[in-house]
Amino acid sequence: MAAMLQLSPLVSATPSFIAPTNQNEPKAIAKDTSPTGSLRNCKTINQVKQLHCHITKTGFSHTPSNVTKLISACAEMGTFESLDYARKAFNLFLEEEETKGVLFMYNSLIRGYSSAGLCDEAIGLYVQMVLQGVLPDKFTFPFALSACSKIVAFCEGVQLHGSLVKTGLEEDVFIGNSLIHFYAECGHLDYAQKVFDEMLERNIVSWTSLICGYGRRNMPKQAVSLFFEMVAAGVKPNSVTMVCVISACAKLKDVALSERVCAYIGESGLKTNMLMVNSLVDMYMKCGATDAAKWLFDECVDKNLVLYNTILSNYVRQGLASEAVSVVGEMLQQGLRPDKVTMLAAISACAQLSDSLSGKCCHGYVLRNGLEGWDTICNAMIDMYMKCGEQEMACIIFDNMSNKTVVSWNSLISGFIRSGDVKSAWEIFNEMPKSDLVSWNTMIGALVQESKFEEAIELFREMQTEGIKGDRVTMVEVASACGYLGALDLAKWTHAYIEKSEIKCDTRLGTALVDMFAKCGDPQSAMKVFNTMAGRDVSAWTAAIRAMAMEGNGKRALELFDDMLKQGVKPDEVVFVAVLTACSHVGLLEQGRNIFMSMQLVHGISPHIVHYGCMVDLLGRAGLLEEAVDLIKCMPMEPNDVIWGTLLAACRTHKNVEMATYAAEQISKLTTQRTGIHVLLSNIYASAGKWADVAKVRLQLKERGIQKVPGSSSIEVNGVIHEFTSGGDTDTHTERSHIALMLQEINSRLRDAGYIPDLDNVLVDVDEKEKEYLLSRHSEKVAIAFGLIGTGQGVPIRVVKNLRMCSDCHSFAKLVSRIYDREIIVRDNNRFHFFSQGLCSCSDYW
DNA sequence: CTAGGGTTAG
C-alpha cells in the first residue's frame, strides 16, 4: 500500500504529471469566475489539465472539496488517461492530507474505474480504502458491486455482500438492486431471487434487474412470468423493463406472447425510444416475423448504427445475405460508419454468398479502421475465406492472429472439412492447444459425412473419456451414425444416454432419433419418440412418414401425411418424396397418382425430377412399364440417369429385357452416369443369360475405371458390429468355421423343406455348382447364419445390407424365420423386410 | 449510486 501511495512525487505548484497541454483546445477557462467550480464543465482531459494548471498557479489549494471536484470530473470522462490523472491527483492528496473527505474521492474513482471497465482497479481501490480504515457508504457498494458483476468476480462480490451486512446497509434499495444484478450476472439466479424476495422495499429497478437476469441466463420463461407478476402487483414497467422483457420474448420465439407483453407499452403510456425499437425489431426478427420487423425498421426515422446492426445480424443469421447487403448499402448512404459488429455481419454475409471480392473489401475496411485486433472479426474472416475457397488467405489471417481463440481453430477445422481436406482438419484438431465441444462435434460430423460411422461412435466415446459431455449437436451426429449402421442396441443406448444426460431434445434431435429408430428397424420406438415431440415441423413428419414407408406400412404413412396436413403443417418437396416412396413400396397406385397430382394443384409445389422418379418407380414396380415410359416422355425436364435407372430396375423385376435395353440405350446417351446403373444392366443381361452383353457392360465398366460395389451385410451382436462381404470374406472372421457349418446346416434343413436356390440371381457365367456356392455366400445369408450362432432364441436377428436384397436371399430369410422360429429383419438400401413365420412384411412386393 | 440494444466456429 505504501508503495502505491508513493507513486507520484510530492509537487507543490505544478504537478509533475501534468502533460504539456494542447493550446488549441477549446478554453473552458474563458468565462470562468470560480475556477474549481468550472472543472465539472470540462469535456476533455486536456481542458482539465489546463484548468488544473491554471488554478494551481493562482493559489489552488488541495482541499478535499477541490480535489473531489477534479477527480469526479476526470472519472466522469472515463478514459484511461483521465482516470490515470485522477488517480495521481488522488494519491498526491492522500500523502498531503488525512482521511478527511476522502470517502467521496474513493467513490468517484471506484465508479470511474468500474464504468471504464477497469474492474480490477475498482475492486483494488475498494480494498485499499478498507485497509486505510475508510468506512464505505451506501454509494460505495453499488459501484464496487457493479465492478464485480462485470468481471464475474463472484468471491469478491460475496465478500462485499458480507461487509455490507455488517454495516447495516443491506436494507438500502440501491444496494439490494446491485446485489440482484451481481448474483444474476454470476449465474446465481437463486441468490438473486433470494435477495429480491427478502427486500423490504422494491422499486422498478429491482424487478427489472431480476427480469433481465433471468433473460440473460437463458431462462426467458421465468423472465416473462416475473414481468406478468410485476404488472399484477401494480408496478408499472418503464422502458428499461420493456427492453429486458422483449429480449426475453425474442429468446422464446413466441410472437403471441410477445404481443401480449408489448400491449403494456401502450397501456403504460410509454414513449418508445431507440432502445425499445431496437429490441422490438430484434424480437420480431428472432420470432420469424421478418415483415413486422422490417416495417418497424423502415418506420423509424432516425435509425442509428445499433438498429442497423440488429437487422443486419438477423438477416445474416437467417441466411438472407443479399438482404443484408442491401441494408449495408442503405446504411452507408445514411452516412453511418460501420463498426466491428457491422463488419462481423458483413463478413458473414460474404461467407454465405462465397463472395470473396466483397470479402476482400471488408478485409480492407477492417485493416484501415484497425479492427483486426478483435479476434471475433479475424475468426469471421477465416471462416469467410475458407467458404470462398481461399484457404491460403484464411491461414495467413490465422497465423497473424496474436490472440487465437478456440473459435479460430474450429473455423479452420470446419473450413478444411468443407473443402474435403479432412487430413488437414485432423492435423489441426490434434495440434490445437485446447479443443472444445464444437471441435469434437465437427470431427464427429466429418466422420459421419465420410460414412465412417463406427469411427464416429468411437470418437464420441473418446470425447467422453476426455471429460467432454455431448450436447444436442453431438447426439444428432451420433444418432445419424447409429441409423446408418442399423445398430439397434447402440441406438437404444444413444436414446438412453440423451435422457440420462438431460440433453434437451429439440425438433432437430427428435427428428434424428425418429430417423435413427426407423433405420434400425424399430418403427415402434420411432413413433414413440415422434409422438412425444413438441414442435413437429415438416421434417419431423417426413421422418415419421419415412419410418412407416421403410417398414412397408404405406397405409399408416398416408394417414400420417393426412394428419400433418390437418395440423396445418405446410408440406415441402421432401415430404412428397417420402409419401410417394411409401406408395411405391406397397403399390398404392391410385393414392400415389392422386398425391402426385395434388402437389401442384393443391399445394402449389412443382414436381421436381425426384418426384417424377418416384412416379416412374411406382408405375414400374406395379408392372405398368409402358405408362412409366409415357410419363418420362412428357416430363417437363430432361430425364436423367436416375430416371432411366429406375425404369431399368423395374424392367429387372418384371424381366422385360427388351425395355431394359431401351432404357440402357437412353442412359448411354447421357454424359453423367452412376456406377449402379451399369451393374444393374449387367445383372439384367445376366438374369436373361445374355452373357455376351454382360461381358460388354463389364468391359465398359473396366474402361471407365468403375468398380462394382461388393455386397456387404452387417449385424450387431453384443454391442459389436460384424461386417460380412459377399464372396468369402468370412474367412477373416474369427468364427469362420462355425459360420460355415451353420450355413451348411441351414441349407440342408431348408432343402428338406423344399427350398430350391434361385440361380437367376447369380450374375456371373459359371456352372450350376459354382452358382449355387456363390449364392450361398451372399453376405446377408452369412450374417443371418452368424446371427443364429451369436444370439439367443427369441432375439430378433437384424441385418443391414448395403444393396438391394436378391430374391433368393428373400426366400431364404422367409424359410429361416419359420424353420428356426426367429424374427429376421433385413434393411436393404431403401427399405425393411420383417420376416416372421415364413412370411415377409413386404408380402413379396418390393 | 442500482437495471437496458447488435458478436464468429459444429
Side-chain angles (χ1 to χ4, degrees), chain A residues 107-108 110-111 114-115 136-146 149 169 172-182 184-185 202-213 215-216 237-248 250 273-283 285 304-314 316-317 339-345 347-348 351 374-384 386-387 405-415 417-418 435-446 448 470-474 476-477:
Chain A
N107 284 351
S108 290
I110 292 173
R111 174 177 163 224
S114 173
S115 61
D137 69 352
K138 62 172 187 172
F139 293 98
T140 321
F141 285 108
F143 297 143
L145 278 168
S146 123
S149 308
L169 288 167
D172 184 87
V173 65
F174 283 86
I175 289 178
N177 294 345
S178 303
L179 281 171
I180 292 172
H181 178 68
F182 161 72
E185 287 294 288
R202 289 176 202 140
N203 61 19
I204 183 64
V205 180
S206 326
W207 288 92
T208 307
S209 302
L210 195 57
I211 289 171
C212 174
R216 277 156 75 124
N238 64 17
S239 68
V240 183
T241 322
M242 291 316 297
V243 168
C244 294
V245 72
I246 290 168
S247 71
N273 62 17
M274 217 41 211
L275 278 109
M276 264 164 78
V277 172
N278 189 59
S279 59
L280 282 169
V281 168
D282 188 52
M283 179 273 290
M285 279 295 224
N304 65 10
L305 187 62
V306 175
L307 187 58
Y308 272 105
N309 286 344
T310 299
I311 202 145
L312 200 55
S313 316
N314 275 297
V316 173
R317 202 202 315 267
D339 69 350
K340 68 187 171 92
V341 180
T342 321
M343 291 320 291
L344 213 45
I347 294 165
S348 300
W374 300 97
D375 54 320
T376 45
I377 288 279
C378 291
N379 293 342
M381 289 201 295
I382 292 172
D383 181 57
M384 180 271 292
M386 276 295 192
K387 283 183 178 150
T405 65
V406 68
V407 180
S408 325
W409 293 87
N410 288 345
S411 303
L412 267 193
I413 291 178
S414 57
I417 287 169
R418 224 178 291 114
S435 50
D436 69 352
L437 182 61
V438 175
S439 331
W440 288 86
N441 286 351
T442 309
M443 295 316 299
I444 293 171
V448 174
D471 70 347
R472 287 199 314 245
V473 181
T474 326
V476 168
E477 299 293 353

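Sequence lines set the chain letters: A, B, ... in the order given, protein chains first and strands last, and positions in each chain run from 1.
Heavy atoms of Asp436(A) sit under 4.0 angstrom from at least one base atom. Arg418(A) comes within 4.0 angstrom of sugar-phosphate atoms only, judged by non-hydrogen atoms across all strands, and of no base. Residue Leu437(A) is classed as a base contact, given a heavy-atom separation below 4.0 Å to a base.
Here Arg472(A) pairs with Ile503(A), Lys504(A), Asp506(A), Leu509(A) under the side chain to side chain contact (heavy atoms under 4.5 Å, CB included) rule; sequence neighbours left out. Listed by chain and residue number, Asn107(A), Asp137(A) satisfy the side-chain hydrogen bond (donor to acceptor under 3.5 Å, both in side chains) test with Thr140(A) (two or more places apart in sequence, or in another chain). Partners of Glu185(A) by salt bridge (Lys or Arg N to Asp or Glu O under 4.0 Å), not counting sequence neighbours, listed by chain and number: Arg216(A). For Tyr308(A), the ring pair (Phe, Tyr, Trp, His ring centres under 6.0 Å) test picks out Phe297(A), with sequence neighbours left out. Thr442(A) is linked by a side-chain hydrogen bond (donor to acceptor under 3.5 Å, both in side chains) to nothing, counting only residues two or more places apart in sequence or in another chain.
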Nucleic acid footprint by protein, nucleotides 1-6 of chain B - heavy-atom cut-off 4.0 Å, B for base, S for sugar-phosphate alone: BBBBBB
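Straight-line distance from the CD1 atom of Ile413(A) to the C1' atom of dT8(B): 15 Å, rounded to whole Å.
With Asp383(A) contributing its side chain and Asn379(A) its backbone, the two residues share no donor-acceptor pair below 3.5 Å.
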